[in-house]
Amino acid sequence: MVKLEESKISFIGGGNMAAAIIGGLLAKGTKKDNICVSEPWEVNRDKMAALGVRTTTSNVEAAQDADVVILAVKPQVAKGVCQELGGSWASRSSLPVVVSIAAGITLVSLVDWFKGADGRTPHAVRVMPNTPALYGEGASGLFASSDVTEDEKTLVTGLLSSFSKATEWVDKEELIDVVTGLSGSGPAYFFAMVEHLIASATSLGLSEEQATRLAIQTCFGAGKMLVESSDSPAQLRKNVTSPNGTTQAALESFEASGFKEIVDKAVKAATSRGEELGKILGQ
């Protein structure tokens with residue numbers, strides 16, 4: 001098996017998520033010359049070039065000798081890109097492993113689109129990362145087609161660990177939609193919560209600047225406790241909640257407003273939308 005740091009890795013698409021992955025790979029020791037990015041927009045291409053990796057406007061050129069191809073394009077253009085690449089690989093003795101971070105695109109669609117004239121298809125892994133990956137703090141869910149080998153899974157796990165602190169393989173593809181509803185969309189839930197905390201505290205007299213600083217640090221500190229403490233989230237909540245105290249009053253208000261049901265509906269709504277997009281975009 002080719003080691004991650006020695007692998008030739010191609011990125012089809014040079015947006016923010018590609019930049020996050022490349023930054024992680026370089027930090028892990030992957031050679032700059034082993035990374036090539038195909039990106040049509042000059043601004044994004046210049047950003048990639050500034051990282052020291054090779055760039056091109058040609059998808060075929062970027063992927064021609066790659067061991068791993070990372071599909072980091074918008075879902076709406078994924079079909080055309082896959083068909084272009086699949087049609088160019090007839091002369092290759094072996095096909096690369098494809099890692100798709102194109103939201104909503106199922107493995108069935110990917111395999112069908114990549115199928116070349118000789119009928120061969122690459123081994124494929126579908127990944128749902130999230131935006132904290134931009135800061136090396138990502139959480140990602142992965143699902144592999146049945147032909148992906150253990151060595152290939154190890155290679156992909158190493159790739160993901162360069163920017164994700166939590167990398168979870170799921171055994172059913174529909175669970176990727178649950179990952180989307182949990183960690184893929186999850187950062188926005190916390191941002192919304194902090195927005196409302198700031199607005200509430202401001203309405204009660206704090207300046208917006210004070211409320212913002214306090215809310216942001218509270219969120220960061222609580223997150224660090226979740227990561228570093230051996231206690232469960234439920235136990236951490238209990239530790240903060242003194243009987244008949246201020247926190248209990250707030251939590252009882254949450255409960256009276258149906259907080260549990262609100263969160264449950266939100267995660268299910270995001271999961272359902274992921275399923276819906278997969279059906280629409282996979283056509």
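Numbers for residues simply follow the sequence, beginning at 1. Predicted model, so just to flag it, every value in this text is computed and none were measured.
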K.L.:
Going by heavy atoms in the side chains, are R126 and T106 under 4.5 Å from each other?
P.N.:
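Yes - at least one pair of side-chain heavy atoms lies under 4.5 Å apart.
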K.L.:
Out of curiosity, L26 CG to I21 CD1, how far, rounded to the nearest 0.5 Å?
P.N.:
12.0 Å
K.L.:
Over all heavy atoms of both residues, which pair between S7 and L155 is shortest? Give the atoms and the distance, please.
P.N.:
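Taking S7 first and L155 second, the nearest heavy atoms are OG-CD1, 3.6 Å.
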K.L.:
Hey, are D264 and K260 close enough for a salt bridge, meaning a charged N less than 4.0 Å from a carboxylate O?
P.N.:
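The answer is no: the pair does not qualify as a salt bridge.
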K.L.:
Could you grab the distance from atom OG1 of T121 to atom CG of L95, nearest 0.5 Å is fine?
P.N.:
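Separation between the atoms: 7.5 Å.
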K.L.:
Is it the case that the side chain of D67 and the backbone of K8 share a donor-acceptor pair, with hydrogens and angles ignored and the cut-off at 3.5 Å?
P.N.:
yes
K.L.:
Between V69, I70, N34, which is the residue that forms a side-chain contact (heavy atoms from CB on, under 4.5 Å) with I9?
P.N.:
I70
K.L.:
State plainly whether one hydrophobic cluster holds both V77 and L110, where clusters connect Ile, Leu, Val, Met, Phe, Trp and Tyr through side-chain heavy atoms under 4.5 angstrom apart.
P.N.:
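They do share one cluster, since a chain of ILVMFWY contacts under 4.5 Å joins V77 to L110.
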K.L.:
To the nearest 0.5 angstrom, please state how far the CH2 atom of W113 sits from the NZ atom of K115.
P.N.:
14.0 Å
K.L.:
State plainly whether one hydrophobic cluster holds both L197 and V263, where clusters connect Ile, Leu, Val, Met, Phe, Trp and Tyr through side-chain heavy atoms under 4.5 angstrom apart.
P.N.:
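Both belong to a single hydrophobic cluster.
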K.L.:
Roughly how far, to the nearest 0.5 Å, is the CG atom of D112 from the SG atom of C82?
P.N.:
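Reported to 0.5 Å precision, the distance equals 10.0 Å.
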K.L.:
In this structure, are over 12 heavy atoms from other groups packed under 6.0 Å from Q235 atom CD?
P.N.:
yes
K.L.:
So which atom in G181 and which in Y189 form the shortest heavy-atom distance, rounded to 0.1 Å?
P.N.:
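So the two residues come closest at O-OH, 2.7 Å.
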K.L.:
Before you tell me yes or no, could you show the steps for K31 and D33 under salt bridge (Lys or Arg N to Asp or Glu O under 4.0 Å), namely the whole-Å CA-CA distance, both residues' side-chain angles and the distance that decides it to 0.1 Å?
P.N.:
CA-CA 5 Å; K31 297 178 181 177; D33 286 345; over 6 Å; no
K.L.:
Restricting to non-hydrogen atoms, name the atom on M17 and the atom on N130 that form the minimum distance, rounded to 0.1 Å.
P.N.:
CE-O, 3.6 Å
K.L.:
Any chain of hydrophobic side-chain contacts (each under 4.5 Å) joining F190 to L182?
P.N.:
no
K.L.:
Could you tell me which non-hydrogen atom of I176 sits nearest to which non-hydrogen atom of M128, and how far apart they are?
P.N.:
CG2-CB, 4.2 Å
K.L.:
Test side-chain contact (heavy atoms from CB on, under 4.5 Å) on R237 and L251; report intermediate values, then the result.
P.N.:
CA-CA 10 Å; R237 172 181 54 78; L251 292 176; 4.0 Å; yes
K.L.:
Within a reach of under 6.0 Å around CG of N239, are more than 12 heavy atoms found that belong to other residues, nucleotides or ligands?
P.N.:
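Yes, CG of N239 has more than 12 neighbouring heavy atoms, counting only those of other groups under 6.0 Å.
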K.L.:
Establish, from distance only, whether the side-chain atoms of D151 and T149 form a donor-acceptor pair under 3.5 Å.
P.N.:
no
K.L.:
What pairs meet the side chain to side chain donor-acceptor pair (under 3.5 Å) rule with one or both residues in residues 200-223, with sequence neighbours excluded?
P.N.:
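Pairs touching residues 200-223 that pass the test: S207-Q210.
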K.L.:
Test L51 against K47 for side-chain contact (heavy atoms from CB on, under 4.5 Å), laying out the working first.
P.N.:
CA-CA 7 Å; L51 296 174; K47 289 179 181 178; over 6 Å; no
K.L.:
Pair V98, L85 - check side-chain contact (heavy atoms from CB on, under 4.5 Å), show working.
P.N.:
CA-CA 11 Å; V98 172; L85 292 176; over 6 Å; no
K.L.:
Kindly say whether G15 contributes a backbone atom to a donor-acceptor pair with the side chain of N44 at under 3.5 angstrom?
P.N.:
no
K.L.:
Indicate yes or no: does R273 engage E276 in a salt bridge with an N to O separation below 4.0 Å.
P.N.:
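Looking at R273 and E276, the cut-off is met.
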K.L.:
Nearest 0.5 Å, please: how far is CD1 in I216 from CZ in F191?
P.N.:
10.0 Å
K.L.:
What do the steps show when you test E168 against V179 for side-chain contact (heavy atoms from CB on, under 4.5 Å), and what is the final call?
P.N.:
CA-CA 9 Å; E168 302 293 335; V179 172; over 6 Å; no
K.L.:
For residues P122 and F114, report the shortest heavy-atom separation together with the two atoms involved.
P.N.:
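Of all heavy-atom pairs spanning P122 and F114, the closest is CD-CB, 3.6 Å.
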K.L.:
For residues S164 and S140, report the shortest heavy-atom separation together with the two atoms involved.
P.N.:
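Heavy atoms only, the tightest pair is OG-OG, 2.6 Å.
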K.L.:
Report the distance from atom NZ of K28 to atom OG of S161, rounding to the nearest 0.5 Å.
P.N.:
4.5 Å
K.L.:
Could you tell me whether the side chain of H123 and the main chain of V97 form a donor-acceptor pair under 3.5 Å?
P.N.:
no
K.L.:
Might you confirm whether atom CD of E42 has over 12 heavy atoms from other residues, nucleotides or ligands at distances under 6.0 Å?
P.N.:
no
K.L.:
Kindly indicate, with the supporting measurements, whether the criterion salt bridge (Lys or Arg N to Asp or Glu O under 4.0 Å) is fulfilled by R45 and E39.
P.N.:
CA-CA 6 Å; R45 212 164 48 247; E39 170 56 49; over 6 Å; no
K.L.:
Are L206 and V194 linked, directly or through intermediate hydrophobic residues, by side-chain heavy-atom contacts shorter than 4.5 Å (ILVMFWY only)?
P.N.:
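Looking at the clustering, L206 is in a separate group from V194.
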K.L.:
Cluster question for you: counting only ILVMFWY and a side-chain heavy-atom cut-off of under 4.5 Å, with indirect links fine, are L71 and V111 together?
P.N.:
no
K.L.:
Do P75 and L277 have side chains that get closer than 4.5 Å, going by heavy atoms?
P.N.:
no
K.L.:
Any sub-3.5 Å donor-acceptor pair from S38's side-chain atoms to N59's backbone N or O?
P.N.:
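Yes, because the side chain of S38 sits within donor-acceptor range (under 3.5 Å) of the backbone of N59.
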K.L.:
Whether the side chain of Q248 engages the backbone of N244 through a donor-acceptor N/O pair (distance < 3.5 Å, no angle test) should be reported.
P.N.:
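Yes, Q248 side chain to N244 backbone: donor-acceptor pair under 3.5 Å.
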K.L.:
Please name the residue in the list L159, V148, L160, L107 that meets the side-chain contact (heavy atoms from CB on, under 4.5 Å) test with V125.
P.N.:
V148
